[in-house]
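Down below is the structure, laid out as structure tokens.
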Amino acid sequence: MSKPTVGIFGLTGCAGDQLLILNCEDELLDLVELLDIRDFVMANSARDEHSQLDVALVEGAVVTERDEAILRHVRQRSNMLIAIGACAATGGIPGMAPEIDRKQAFHDVYGDAAANFELAADRGRPLSDFVQVDGIIPGCPIEKHEFLGAIASLLQGNPPRLKEYPVCTECRIRENRCLLISDDALCIGSVTRAGCNARCPSLGVACIGCRGPSVDANFPSLEALLVSKGYAVKDIHDKLGVFARLPEPAEAPCAD
Amino acid sequence: MRRLVLVDELARVEGNGGITVELEGEKISKVEFNIFEGPRALEAIIRGRPARDIAGIVSRICAICAGVHYVTSIKATEAAFGTKVTETTELLRDLFVRAGNIESHALHVFLLAAPDYLGYPAATAMAADHPDAVKLALRMKKLGNTLQELVGGRAIHPVNPVLGGFGSFPRAADLVAAREELLWAIDALPIALDFVAALPPTEVCTADTTFAALAMPGRYGYFAGDEIVVVRPDGSTTRMPTREYRTLTKEFVVSHSFAKHSAFNGEPFMVGALARVTANRDLLNGSGVMAMKRLGLHVPSRTPLDNNVAQAVELAVDLQMALESVDQLLAGGLVPEAPVRIVPRAGTGTAVTEAPRGLLVHSYTYNEDGRIIAADVITPTAMNAASIERHFQYSVAQHEGGSDEALTRKLEMIVRAYDPCISCSVHLVRRS
């Protein structure tokens, strides 16, 4: 079997998902044996920018026109395109707080230079707003075991397989004390996709939802519970809005 | 005649950046370090959020130095609220930041910078001829990550440090295992240093350079200190309290619109390992002094490539000091402590620390409900940008008669020596 050709790319974000790949210290030298990595500019200055790729792994959100142009080029040269990390999958931190006017925000932070930005979107947008995405590896950052598992799937020609249930389930399996019920913490593990083995609540720290929403996440139920514990609706929405992405109004599920 | 030596996408750096040089005849008309990173405006989009949410959002500026961003953010918030944390918390935070430095330097020196000197496009290609050095570097890098994970809960984007302390303390058994690995690394250090010492000497530019670093109080570290020290090429120094950091960075803003020679009066400065070693060389421990000798590093230096060497010196310092911190923690018994209670109040708090690539500032203002109303984050790469361009200028001017390819290689090596975190460039104003 010939090695699959792979490209790894970064748009607007922190480069943490690409760094996680470099953090596979025990596996890295094997990975470069198993895969024909053609283009990975963060690690390699020898680039092949045009050949057809079996798989493209793309991290980061689309903010600038440059981001969009790179993404479209990558899509066009790839058989399978996988969004890696929260920014690529859901818009992540660059896409949070949609209520904040980015024009003003950019001006506040970057001054007059903000006028020169060539933006492709009002704020950080997921790849799927622009091109067809064939699979995601969630997380901020992605988890090492999920990345390596995804590579194993991709070697078989399959997209990554994800857990559909929430972090809450993993947390229960680990027999952790429930931060939400027992400590009244603003923990959103009940609506967040599993796969991290309940990393944060196992340390006694509330889940911030960095893996995005689980399938069938019941946002209204969590919100009602948190309101009954005294949290303001705005604070709940702010927390969910960083990574978990409340459904936008047009897409909100109908009440039963 | 107008020429452009252009690197449209810098490889082996974090984030998206490039290099532009324009010459008219032999005259340099433009030298730029370009940033293509899309804007995120993190400081603006956190406004109104409660203190507990800030570190987890702002630290995502950057992945390679997420750890130090995270705890610097916490430190700034605690400064605003007047929170005093326990000694064990201080010790764990110091170890956590040091572990991040170990990881970052092992990655940068051996896997990102070294391939340039030896003519490889990547560490994975270098591994074919230098398998032992690459494996050794990967193992040291992993050790830094293991320690970060033990203390911070995750190597990239930590979760365990919280306002007032930690969610949980690391388990003694895990620290004992990490201690074994530290002992291995300290034993392996001479081999690593000799690899760096044997890298072929490379000329990229010679320039008077001004350095800025935290004035470390009594102990070589990255997370304590109330003063910034500026060291000029003649060795003279200026000190300023960290809360007056704007005195330093104001000059930077002035000097940064920098495409013309006249801006040399703006005095750009370099931050990072070389600046720290230059400003705090009296505090180097035995391992650090040994490493300076073994590597032949003399400060103040006139070449930015010595930042790579200084990172190797810090690796030596940090492995030894991390071992001492682990021993101290184990001797103290790691008795669990709940985080100190936070009492929000209106006010401003500033924390200035050292990220692997240089000075890092987080400064926050909160209202009486403990909601953030203003945030100012200044990253090392933003501070270094003007200095990078200044070193580019020298390099281009000193590159008489050489080929464009050779010049491109020099400029790439300069920017890579700074170990830039381009996605960190929060404040970095890019040109049209």
Side-chain angles (χ1 to χ4, degrees), chain A residues 10-20 22-23 25-26 28-29 32 37 40-47 60-64 66-67 92-94 96-97 100 102 104-106 108-114 116-117 119 124 140-141 186 199-200 202-205 208 210 235 238-239 242, chain B residues 9-16 36-50 53 56-57 60-64 66 103 107 111-112 115 121-125 127 134-135 138-139 141-142 145 153-157 159-160 162 166-168 412 421 423 426-427 429-432:
Chain A
L11 307 177
T12 293
C14 73
D17 306 300
Q18 295 173 87
L19 180 63
L20 186 125
L22 298 179
N23 277 0
E25 291 97 353
D26 290 337
L28 198 60
L29 296 179
V32 298
I37 302 178
F40 183 10
V41 72
M42 182 164 158
N44 196 330
S45 46
R47 299 189 63 190
V62 176
V63 179
T64 62
R66 185 174 183 276
D67 289 332
I93 297 260
M96 67 177 259
I100 289 180
R102 291 302 205 269
Q104 186 61 47
F106 291 152
D108 289 353
V109 175
Y110 301 96
D112 292 339
N116 300 329
F117 292 148
L119 301 177
C140 184
L186 210 173
R199 186 184 281 276
C200 300
S202 300
L203 292 163
V205 177
I208 62 170
C210 77
D235 283 348
D238 276 356
K239 191 87 168 186
V242 177
Chain B
E9 189 152 9
L10 278 166
R12 279 180 277 128
V13 298
E14 187 275 0
N16 302 310
F36 307 125
E37 201 62 41
R40 291 178 289 170
L42 293 170
E43 295 148 293
I45 61 179
I46 56 173
R47 266 184 223 139
R49 290 190 182 241
D53 289 353
I57 297 172
R60 282 173 165 88
I61 286 171
C62 171
I64 302 193
E103 189 280 330
L107 169 67
L111 307 178
L112 302 179
T124 43
V134 171
K135 282 179 190 161
L138 284 169
R139 190 167 163 188
K141 171 173 152 27
K142 188 184 175 190
N145 275 336
R154 184 157 64 185
I156 301 170
H157 299 323
V159 298
N160 191 34
V162 297
F166 284 88
S168 303
E412 285 195 52
C421 246
S423 55
V426 201
H427 265 303
V429 176
R430 68 176 192 176
R431 281 176 285 277
S432 53

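Residue numbers begin at 1 in each chain, while the letters A, B, ... track the order of the sequences. Predicted model only: the values in this text are computed from it and were never measured. The basis for the numbers below is simple: all heavy atoms, side chains too, and nothing from hydrogens, waters or symmetry mates.
- Heavy atoms of A:L203 lying under 4.5 Å from chain B belong to its backbone as well as its side chain.
- Contacts of B:I57 with chain A are made by both backbone and side-chain atoms, with heavy-atom separations under 4.5 Å.
- In this structure, A:T64 OG1 and A:L11 CG are separated by 8.0 Å, a value rounded to the nearest 0.5 Å.
- Smallest separation of non-hydrogen atoms from B:L112 and A:M42: CD2-O, 4.0 Å.
- Chain A forms the most heavy-atom pairs under 4.5 Å with one residue out of B:A122, B:P121, B:A125, and that residue is B:P121.
- The residue among B:R47, B:R12, B:R139, B:E9 with the most heavy atom pairs within less than 4.5 Å of chain A is B:R12.
- Heavy-atom distances place the side chain of A:V63, and not its backbone, under 4.5 Å from chain B.
- For A:C210, the part lying under 4.5 angstrom from a heavy atom of chain B is the side chain only.
- Ranked by non-hydrogen atom pairs under 4.5 Å with chain B, the options A:G13, A:G60, A:S202 are led by A:G13.
- In terms of heavy-atom pairs under 4.5 Å with chain B, the best-connected choice from A:D26, A:D238, A:V32, A:L28 is A:D238.
- Only the side chain of B:V162 comes within contact range of chain A, with at least one heavy atom under 4.5 Å from a heavy atom of that chain.
- Nearest approach of B:V134 to B:A127, heavy atoms of both residues: CG2-CA, 3.7 Å.
- Between the B:N160 side chain and the B:S168 main chain, a donor and an acceptor come within less than 3.5 Å of each other.
- Neither the backbone nor the side chain of A:D17 has a heavy atom closer than 4.5 Å to any heavy atom of chain B.
- For A:L29, the part lying near chain B is the side chain, with the backbone staying farther off; criterion is any non-hydrogen pair under 4.5 Å.
- Across B:R154 and A:C140, no two heavy atoms sit closer than the pair NH2-O, 3.1 Å.
- Scanning both residues, B:E103 and A:N23, for their nearest heavy atoms gives OE2-OD1, 3.4 Å.
- Heavy-atom distances place both the backbone and the side chain of B:R60 under 4.5 Å from chain A.
- Of all the heavy atoms in B:K141 and A:L22, the pair that sits closest is CE-O, 3.2 Å.
- Looking only at heavy-atom pairs under 4.5 Å with chain B, the residue among A:R66, A:R102, A:Q104 that has the most is A:R66.
- Counting only heavy atoms from C-beta outward, the side chains of A:D108 and B:E43 never approach each other to under 4.5 Å.
- Taking all atoms of both residues into account, the shortest heavy-atom contact from A:P141 to A:G16 is CB-O, 4.1 Å.
- Heavy-atom distances place the side chain of B:L107, and not its backbone, under 4.5 Å from chain A.
- In this structure the side chain of B:C421 never reaches within 4.5 angstrom of the side chain of B:I61, judged on heavy atoms.
- In terms of non-hydrogen atom pairs under 4.5 Å with chain B, the most contact-rich of A:G10, A:G204, A:C200, A:A43 is A:A43.
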